[in-house]
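A short write-up of the structure that comes next.
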Amino acid sequence: MAKIFIVDDVEDNIKLLWYNLEDDGHEVMSASSGQECLDKVLAFNPDVILLDMMMPGMSGSETLAQLKKIETIENTPVIMVSANDGDDSVIETLDLGAHDFISKPFIYPVLEARVRSAVRLKQSQDELAAANQTLATIASTDSLTECFNRRHFFELCNVEFSKAKRHLRPLSVIMLDADKFKAINDNYGHAMGDEALKVIAEVCKACIRESDILARLGGEEFAICCPESTCDGATRIAERIRLAVEKRTISLNGKSTQFTLSLGVTEFTGAETQFDQLVNRADRLLYQAKEQGRNCVISGI
Ligand SMILES: Nc1nc2c(ncn2[C@@H]2O[C@H](COP(=O)(O)OP(=O)(O)OP(=O)(O)O)[C@@H](O)[C@H]2O)c(=O)[nH]1
């Protein structure tokens with residue numbers, strides 16, 4: 001079953017197609033003008049559009065040109081239906097991006113077969129788009145914690161850094177690292193270590209804003225970029241994360257333990273030219289937190 005959108009200014013033409021397509025199991029929607037088609041198309045999100053060429057007001061060709069400008073619709077197959085099936089008309093329509101051209105009067109089983117072909121194309125496109133989306137997610141995400149990975153973190157943060165630099169807006173970075181993490185692995189097993197990493201991600205996600213960027217940079221080290229946050233604001237977030245992890249007990253296979261975090265926080269001063277400089281400074285502050293006994297937040301610029 002597919003969603004078919006019929007666009008035709010003649011009510012009887014719509015009815016004929018509607019009943020037949022519904023009998024074939026499709027969900028059908030119609031519009032009686034190009035403008036009505038443009039008004040309804042996003043909400044209906046059709047798999048195939050059957051578009052009449054000769055319509056008063058906005059013609060089929062003009063409607064097609066407008067449909068191709070709509071990002072989520074531009075790849076939806078359009079079948080132009082027209083009594084004007086001269087070569088020039090067919091060429092113009094296909095060059096405008098139509099998937100197919102059917103001459104009027106049409107033989108319904110032929111139209112039906114062409115609709116099926118267009119539906120198959122749309123289904124392949126949708127599957128490809130979903131596969132690409134999955135690949136993009138895999139390429140940008142750490143599979144254990146479902147945070148962004150290092151590469152994607154720097155991609156996103158470089159954009160945020162450019163914005164902050166151009167508009168002289170605040171931007172802060174928090175670096176955090178689990179304390180004595182090796183001991184968790186050694187004493188409770190690698191699976192408990194993995195559990196701790198998942199808890200860090202979960203706690204961080206709960207403590208940050210949607211616009212903040214959280215990533216696992218590797219091992220037991222995480223980073224958060226906080227656009228529009230000053231060092232004071234980011235330090236409060238860091239302290240909230242530290243406290244939440246300190247209070248948390250992790251359990252696996254009947255065993256339980258607790259652990260802590262060390263955190264370094266810094267802010268863009270306006271002088272830095274690269275985002276990496278902020279990460280490196282937050283990392284040095286994190287190292288100081290380790291030196292000062294762990295389970296603490298050190299901030300500075
Ligand atoms: N379970 C688990 N462990 C990991 C993973 N990645 C890295 N590790 C472990 O993390 C530990 C990091 O140990 P260290 O770098 O010595 O740091 P630490 O023990 O946390 O000590 P401090 O940072 O000084 O507090 C190592 O034992 C790594 O094997 C992972 O994905 N899962």
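Sequential numbering from 1 along the given sequence is applied to the chain's residues. We count ligands from 1, going down the list as the structure has it; atoms in each ligand are counted the same way.
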For residues Asn295 and Glu246, is any side-chain donor paired with an opposing acceptor at under 3.5 Å?
yes
Is the ring pair His152/Phe148 parallel, tilted or perpendicular, if the boundaries are 30 and 60 degrees?
perpendicular
Show me, by chain and number, every protein residue that has a heavy-atom distance under 4.0 Å to ligand 1.
Asp177, Ala178, Asp179, Lys180, Phe181, Lys182, Asn185, His190, Gly193, Asp194, Leu197, Arg216, Gly219, Glu220, Lys290, Arg294
Is the Lys NZ or Arg CZ of Lys180 less than 6.0 Å from the centre of Phe259's six-membered ring, within 45° of the axis?
no
Going by atom type alone, with no hydrogens or angles, which donor-acceptor pairs under 3.5 Å involve a side-chain atom of residues 52-68 and a protein atom two or more places apart or on another chain?
residue	atom	partner	partner atom	Å
Asp52	OD1	Lys104	NZ	2.9
Ser59	OG	Ser61	N	3.4
Ser59	OG	Glu62	N	3.1
Ser59	OG	Glu62	OE1	3.4
Glu62	OE1	Ser59	N	2.8
Thr63	OG1	Ser59	O	2.7
Lys68	NZ	Glu74	O	2.7
Lys68	NZ	Gly97	O	3.2

Go through the structure and list residues passing salt bridge (charged side-chain N to carboxylate O under 4.0 Å, His left out) with Glu202, not counting sequence neighbours.
Arg248
I'd like to check the side-chain hydrogen bond (donor to acceptor under 3.5 Å, both in side chains) partners of Ser82; sequence neighbours left out, ordered by chain and number.
none
